[in-house]
Amino acid sequence: MTKIPLRLYLETSFWRRLVDNQSPERRKASYRLYRFLLDRHEMLVSPLVFEELEHTTTAAELRPLLRKMKRGRVERLAQTAAVTQAAQSLLDEAGWGGGQGTDALHIAFAMMANVDVLVTWDAADIARKKTRDLVRRIARTWRIPFPELLTPVETLQWLHLSTR
Amino acid sequence: MMAELKAYRRKLGLRLAKADREGRFAQELRRICRSATRWYNAQIAAIEREDAARKRRARRATARSIERPPKPRRSVRTPGRHR
């Protein structure tokens with residue numbers, strides 16, 4: 001029986017952690033997930049991930065990180081009218097301030113691409129109950145599948161894999 | 001590291017919020033995405049060029065080692081035998 005590959009949207013913080021020397025535990029968890037996903041499941045990124053990497057990554061970190069993206073054969077999502085509309089609706093419904101517009105965009109890209117999981121280290125704004133409930137509610141209204149918003153550690157648990 | 005990302009994300013969010021107030025949210029988002037995609041493509045192209053050059057160098061080195069016969073070993077004179 002052939003396994004159906006999962007679709008995972010990997011947000012910028014996930015990629016940044018792969019080259020992070022400050023938090024070895026988080027780096028290890030990100031690596032574990034990345035290695036599991038390689039050649040098994042679909043990794044997706046949006047142009048927003050590139051935009052954030054371009055402005056927040058040093059030249060020394062960038063090359064190994066981009067090589068990992070290349071090796072992972074990441075699927076690049078396109079910015080469409082549906083994504084723009086979804087992001088604006090999310091912002092309106094959530095009543096988020098301007099500063100969280102980028103979080104809404106990541107979620108909109110993930111929702112419109114029908115991903116199974118949005119993986120992020122941002123537990124303060126994205127991978128939290130309030131945002132999860134909001135995304136579920138909106139997805140039900142739009143009658144589209146909703147992605148799970150999880151940290152890499154939660155994703156490993158969700159996949160029934162060891163987190164250590 | 002994450003603080004940097006958060007700060008940039010906030011800056012980008014505010015830029016988009018301003019564009020939204022001015023009724024050009026979609027246009028601004030399209031501009032950001034296009035520029036980011038161009039940057040990513042250029043970076044990947046540079047990596048591919050680097051890899052191709054490395055492969056070429058390795059291939060040349062292999063070809064050179066096959067073409068040239070190994071140098072004959074210099075005989076070492078032992079003092080006792082050639083007296």
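Within every chain, numbering begins at 1; the chains are lettered A, B, ... in the order of the sequence lines, protein sequences first and strands thereafter.
To the nearest 0.5 angstrom, A:Q88 atom CD is 5.0 Å from B:D20 atom CG. With values rounded to the nearest 0.5 angstrom, A:T80 atom OG1 is found 9.5 Å from B:L29 atom CG. In this structure, A:E52 CD and B:L5 CG are separated by 5.5 Å, a value rounded to the nearest 0.5 Å. Here the CG-CZ distance, from A:D103 to B:R10, works out to 11.0 Å after rounding to the nearest 0.5 Å. The CD atom of A:Q79 sits 12.5 Å away from atom CZ of B:R31, with the distance rounded to the nearest 0.5 Å. Atom OH of B:Y40 and atom CG of A:L53 lie 10.0 Å apart (nearest 0.5 Å).
Grouping the Ile, Leu, Val, Met, Phe, Trp and Tyr side chains by contacts below 4.5 angstrom, directly or via other members, places A:L77 with A:F14. The same ILVMFWY cluster, assembled from side-chain heavy atoms under 4.5 Å apart, contains both A:L8 and A:V45. Linking Ile, Leu, Val, Met, Phe, Trp and Tyr whenever their side-chain heavy atoms come within less than 4.5 Å puts A:L37 and A:V115 in one cluster. Both A:F36 and A:L150 are assigned to one and the same hydrophobic cluster, defined by single-linkage of ILVMFWY side chains at heavy-atom distances under 4.5 Å. Follow the hydrophobic side-chain contacts under 4.5 Å out from A:W121 and you never reach A:L65; the two are in separate clusters.
Side-chain contact between B:Q43 and A:F50: absent, with no pair of heavy atoms (C-beta onward) separated by less than 4.5 Å. Residues A:F109 and B:C33 are in side-chain contact: their nearest non-hydrogen atoms beyond the backbone lie under 4.5 Å apart. Taking 4.5 Å as the limit, some side-chain heavy atom of B:N41 sits within range of a side-chain heavy atom of A:R76.
Within 6.0 Å of CD on A:E75 lie more than 12 heavy atoms contributed by other residues, nucleotides or ligands. Around NZ of A:K68, the count of heavy atoms belonging to other residues, nucleotides or ligands within 6.0 Å exceeds 12. Residue B:E48 qualifies as enclosed at atom CD: its count of foreign heavy atoms under 6.0 Å is above 12. More than 12 heavy atoms of other residues, nucleotides or ligands sit less than 6.0 Å from atom CZ of B:R54. Within a 6.0 Å sphere centred on CZ of B:R24, heavy atoms belonging to other residues, nucleotides or ligands number more than 12.
For the residue pair B:A36 and A:E51, the shortest heavy atom distance occurs at CB-N, 3.6 Å.
Side chain of A:T102 to backbone of B:R9: a donor-acceptor contact under 3.5 angstrom is found.
Relative ring orientation between B:Y8 and A:H55 is described as parallel, the plane-to-plane angle staying below 30° on a 0-90° scale split at 30° and 60°.
Heavy-atom pairs under 4.5 Å with chain B were tallied for A:V49, A:L105, A:V83, A:L48; the largest tally goes to A:L105.
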**Item:** Stepwise side-chain contact (heavy atoms from CB on, under 4.5 Å) check, B:K6 with A:D125
**Value:** CA-CA 10 Å; B:K6 275 290 200 189; A:D125 291 318; 2.4 Å; yes
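A salt bridge is defined here as a Lys NZ or Arg NE, NH1 or NH2 lying under 4.0 Å from an Asp or Glu carboxylate O, and A:R67 with B:D51 meets this definition.
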